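One structure below.
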Amino acid sequence: MKETNLEEFIEAVNLEIDKQIAQIEEQAEQKRKELIENTENTALKDAYSKIKNCTKEEDYKSKIAVSKARQEARVKVLTYRESLVAKIFDTISDKLFNFTESEEYPDFLYNLLKNEKTGADTVVFIRKKDMKFEAGLRKLIGPECSLETDDNIVYGGLSVYNKNTSVLINKTIDDMLEEQKKSFASKYKLA
């Protein structure tokens, strides 16, 4: 009997040990699942955070790239516009020089002086090339008026200066062209 009791005791102890081992294994499995779940959640949160940061960074880079491309396009458009305007005014410049060589130019020049009051205190400035019209201009301004060349007058026309009042009336083609350029730039928003 002693042996049966001993065997029963050993069997009961083994059964209790098996139960405890099963409980420990179950707890370990549960702990393993919790750790895996926590690790996965942490990894997912980290990945989401990294993706979010990358997305923000790419968004920022994309906005900068788009902004830079727009700016470059604006510069190209403005440069092209400026080249067109330069071509337009180069053509006008050529036409002005042609006009000053035409038969109509002397009458144009004389008409600029028709309503001007001139006297000994007046100086009329013209370009050097227009001194060939001195005789016709003298008829309009009289011998007491001074007629001088002005190197600043490129296209033609004239300026009338009153020494007493220090008033200069600019009737040069150069000035007219500059006014047209300003008006053109303002009207077409090029300035």
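Note that the structure is predicted; figures quoted are calculated from it, not measured.
- Note: the hydrophobic cluster containing Ile126 also contains Leu177 (ILVMFWY, side chain heavy atoms under 4.5 Å, direct or indirect links).
- Side chain of Ser49 to backbone of Asp46: no donor-acceptor contact under 3.5 angstrom is found.
- Rounding to the nearest 0.5 angstrom, the gap separating the CD atom in Glu29 from the CD1 atom in Ile24 is 14.5 Å.
- With Thr42 contributing its side chain and Asn38 its backbone, the two residues share a donor-acceptor pair below 3.5 Å.
- Under the 4.5 Å side-chain heavy-atom criterion for grouping Ile, Leu, Val, Met, Phe, Trp and Tyr, Phe108 is connected to Val160 within one hydrophobic cluster.
- Under the 4.5 Å side-chain contact rule for hydrophobic residues, Phe99 and Tyr110 share a cluster.
- Using a 4.5 Å cut-off between side-chain heavy atoms of Ile, Leu, Val, Met, Phe, Trp and Tyr, Tyr60 falls into a hydrophobic cluster with Ile64.
- Pairing each heavy atom of Thr172 with each of Ser159, the nearest pair is CG2-OG, 3.5 Å.
- Between atom CD of residue Gln180 and atom CG of residue Asp175 there is a gap of 10.5 Å, rounded to the nearest 0.5 Å.
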Side-chain donor/acceptor pairs under 3.5 Å, residues 127-146, sequence neighbours excluded:
residue, atom, partner, partner atom, Å
Arg127, NE, Asp130, OD1, 3.1
Arg127, NE, Asp130, OD2, 3.1
Arg127, NH1, Val154, O, 3.4
Arg127, NH1, Tyr155, O, 3.2
Arg127, NH2, Thr100, OG1, 3.2
Arg127, NH2, Asp130, OD1, 3.3
Lys129, NZ, Glu101, OE2, 2.6
Asp130, OD2, Tyr105, OH, 2.5
Arg138, NH1, Gly142, O, 3.4
Arg138, NH1, Cys145, O, 2.6
Ser146, OG, Glu148, OE2, 3.1

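- In this structure, the separation between CG on Asp151 and CD1 on Ile153 is 9.5 Å, given to the nearest 0.5 Å.
- Here the CG atom belonging to Asp121 is positioned 10.0 Å from the OH atom belonging to Tyr161, to the nearest 0.5 angstrom.
- Using a distance-only test at 3.5 Å, with no hydrogens or angles considered, a donor-acceptor pair links the side chain of Thr39 to the main chain of Leu35.
- Listed for the Ser93 side chain is no donor-acceptor partner under 3.5 Å among the backbone atoms of Phe89.
- Phe184 is not connected to Leu84 by any chain of hydrophobic side-chain contacts under 4.5 Å among Ile, Leu, Val, Met, Phe, Trp and Tyr, and they are in different clusters.
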For residues 68-78, which side-chain donor-acceptor pairs fall under 3.5 Å, sequence neighbours excluded?
residue, atom, partner, partner atom, Å
Gln71, OE1, Arg74, NH1, 3.4

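- Partner of Leu158 under the side chain to side chain contact (heavy atoms under 4.5 Å, CB included) criterion, out of Leu147, Leu112, Ile169: Leu112 alone.
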**OP:** Apply salt bridge (charged side-chain N to carboxylate O under 4.0 Å, His left out) to Glu178 and Lys182, showing your working.
**Re:** CA-CA 6 Å; Glu178 276 307 307; Lys182 287 177 188 174; 5.7 Å; no
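- Counting only N and O atoms by type, the side chains of Lys56 and Asn53 include no donor and acceptor under 3.5 Å apart.
- The shortest side-chain heavy-atom distance between Gln30 and Lys33 does not fall under the 4.5 Å cut-off.
- A donor-acceptor pair under 3.5 Å is absent between the side-chain atoms of Lys163 and the main chain of Thr122, judged by distance alone.
- The CG atom of Leu109 sits 12.0 Å away from the NZ atom of Lys114 when rounded to the nearest 0.5 Å.
- A distance-only check finds a donor-acceptor pair linking the side chain of Thr91 to the backbone of Lys87 [under 3.5 Å].
- When all heavy atoms of Thr165 and Asn162 are compared, the closest pair comes out as N-OD1, 3.1 Å.
- To the nearest 0.5 angstrom, Leu44 atom CG is 10.5 Å from Glu37 atom CD.
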